[in-house]
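The sequence lines fix the lettering, A, B, ..., with proteins before strands; numbering per chain opens at 1.
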Amino acid sequence: MAEACLGKHLVFEDAGQVVAGRIVEAEAYLGPEDRAAHSFGGRRTDRNEVMYGPPGHAYVFFIYGMHFHMNLVTDAPGFPSAVLIRAVEPLLGEEVMRSRRGNPKKRVLLTNGPGKLCQAFGIHRDHGGYDLCQPPLYLADGPAPQKIRRVPRIGVDYAGGWAKRLLRFVDAESSFLSVPPPKPTRKRGAVASVE
DNA sequence: TGAATGATTTACT
DNA sequence: GTAAATCATTCAA
């Protein structure tokens, strides 16, 4: 599921401005069993409520007092799994992104991180729960990456054994990744078939 | 009612 | 490389 998100185009129409990006990095969060997920333990709260709803919706949350993250709810109602969008490549509205991000010198700094891309897209708390199948926030088909790499997730070391799981999917050829892949290993698959 | 913490980013040493 | 910024949500009392 998370793998299928790579290459898709994330489009957001807001205030007459249209911004779009190609997803190059995503992480899977697997419901009640995943210690790194907000839905761990089956706790159903106001914040993660949307993860328990139908798939295809946006789960946006505020973290660290200053950043937003965007997820795609991926599983059936009642099972809280989601895919975190960690990085995209700018396609449309790059100037809008640039102004929102404070005119960074390097184009890559616009969207190479979860908090960065949300700021660039202008996504915030109020967009949580949006249906991603229709405007103003939606996904469109795009070319799949030629080389997809599975690597451990980022920033979830506290998750015990789950931190080692290869639940992060990246476009190996993209230069917009939030963190460069650890090793140029070419071996993939052969790990937990969880998705 | 109060304290702890996080799916991060940025700046500074 | 290390530390600070900063607040909604969560856990404890």
J.: Can you check the A:Lys106 NZ to B:dT9 P distance for me, whole Å?
T.: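 Interatomic distance, NZ of A:Lys106 to P of B:dT9: 16 Å.
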J.: To the nearest angstrom, how far is A:Lys116 atom NZ from B:dA11 atom P?
T.: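 Atom-to-atom, A:Lys116 to B:dA11, this comes out as 10 Å.
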J.: Write down the distance between CG (A:Leu177) and P (B:dT9), rounded to a whole number of angstrom.
T.: 13 Å
J.: Expressed as a whole number of angstroms, how long is the span from A:Phe40:CZ to B:dT5:C1'?
T.: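 Rounded to the whole Å, the gap is 16 Å.
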J.: I want to check a possible cation-pi pair here: A:Arg107 against A:Phe176, using under 6.0 Å from ring centre and within 45° of the ring axis as the test.
T.: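 A:Arg107 over A:Phe176 ring: no.
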J.: Could you check whether A:Thr111 and A:Glu89, counting side-chain N and O atoms only, form a donor-acceptor pair closer than 3.5 Å?
T.: no
J.: Would you call A:Lys147 and A:Asp171 a salt bridge, taking side-chain N to carboxylate O under 4.0 Å as the test?
T.: no
J.: If we ignore angles and hydrogens, is there a donor and acceptor under 3.5 Å between the side chains of A:Gln17 and A:Asp14?
T.: no
J.: Could you state the NE2-P distance from A:His67 to B:dT8, rounded to the nearest angstrom?
T.: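 Distance, rounded to whole Å: 9 Å.
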J.: Could you check how far CZ of A:Phe68 sits from P of B:dT8, rounded to whole Å?
T.: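 These atoms are roughly 15 Å apart.
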J.: For DNA chain C, determine which residues of residues 78-93 of chain A have any heavy atom closer than 4.0 angstrom to one of its atoms, and list them numerically.
T.: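 When residues 78-93 of chain A is checked for heavy atoms under 4.0 Å from DNA chain C, there are no hits whatsoever.
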J.: Checking A:His127 now: which residues fulfil ring pair (Phe, Tyr, Trp, His ring centres under 6.0 Å) with it, not counting sequence neighbours?
T.: A:Phe12, A:His124, A:Tyr130
J.: Please enumerate all residues that pass ring pair (Phe, Tyr, Trp, His ring centres under 6.0 Å) together with A:Tyr138, with sequence neighbours excluded.
T.: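 A:Tyr138 satisfies ring pair (Phe, Tyr, Trp, His ring centres under 6.0 Å) with no other residue.
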J.: With a non-hydrogen cut-off below 4.0 angstrom, is A:Tyr59 in contact with a base, only sugar-phosphate, or nothing?
T.: base
J.: Does A:Arg101 put a side-chain nitrogen or oxygen below 4.0 Å from OP1 or OP2 of B:dT10?
T.: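 Looking at the OP1 and OP2 atoms of B:dT10, one of them is under 4.0 Å from a side-chain N or O of A:Arg101.
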J.: Locate the shortest heavy-atom distance separating A:Ser81 from A:Leu30; write the atom from each residue and the value.
T.: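 In terms of heavy atoms, the two residues are closest at CB-CA, 4.2 Å.
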J.: Might you point out which heavy atoms bring A:Ala87 and A:Leu117 nearest each other, and give the distance in Å?
T.: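 In this case the closest contact between A:Ala87 and A:Leu117 is N-CD2, 3.6 Å.
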J.: For the residue pair A:Arg100 / A:Gln119, report whether a side-chain donor-acceptor contact shorter than 3.5 Å exists.
T.: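 The criterion, which ignores hydrogens and geometry beyond distance, is not satisfied for A:Arg100 and A:Gln119.
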J.: Quick one: ring pair (Phe, Tyr, Trp, His ring centres under 6.0 Å) partners of A:Tyr52, sequence neighbours excluded?
T.: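 Result, ring pair (Phe, Tyr, Trp, His ring centres under 6.0 Å) vs A:Tyr52: none returned.
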J.: Between OH of A:Tyr59 and CG of A:Asn48, what distance do you get to the nearest 0.5 Å?
T.: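 Going from OH on A:Tyr59 over to CG on A:Asn48, the span is 5.5 Å.
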J.: Rounded to whole Å, how long is the line connecting atom CZ of A:Arg168 with atom P of B:dT8?
T.: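 In whole Å, B:dT8 P and A:Arg168 CZ are 11 Å from each other.
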J.: Please, what dot-bracket string fits DNA chain C when only Watson-Crick and G-U pairs with both distances under 3.5 Å count, crossing ones use [ ] and pairs to another strand use |?
T.: |||||.||||||.
J.: Can you build the contact string for nucleotides 8-13 of chain C? Use B for base contact, S for sugar-phosphate-only contact, and - for no protein heavy atom under 4.0 Å.
T.: SSSS--
J.: Report the distance from atom NZ of A:Lys105 to atom C1' of B:dA11, rounded to the nearest whole Å.
T.: 14 Å
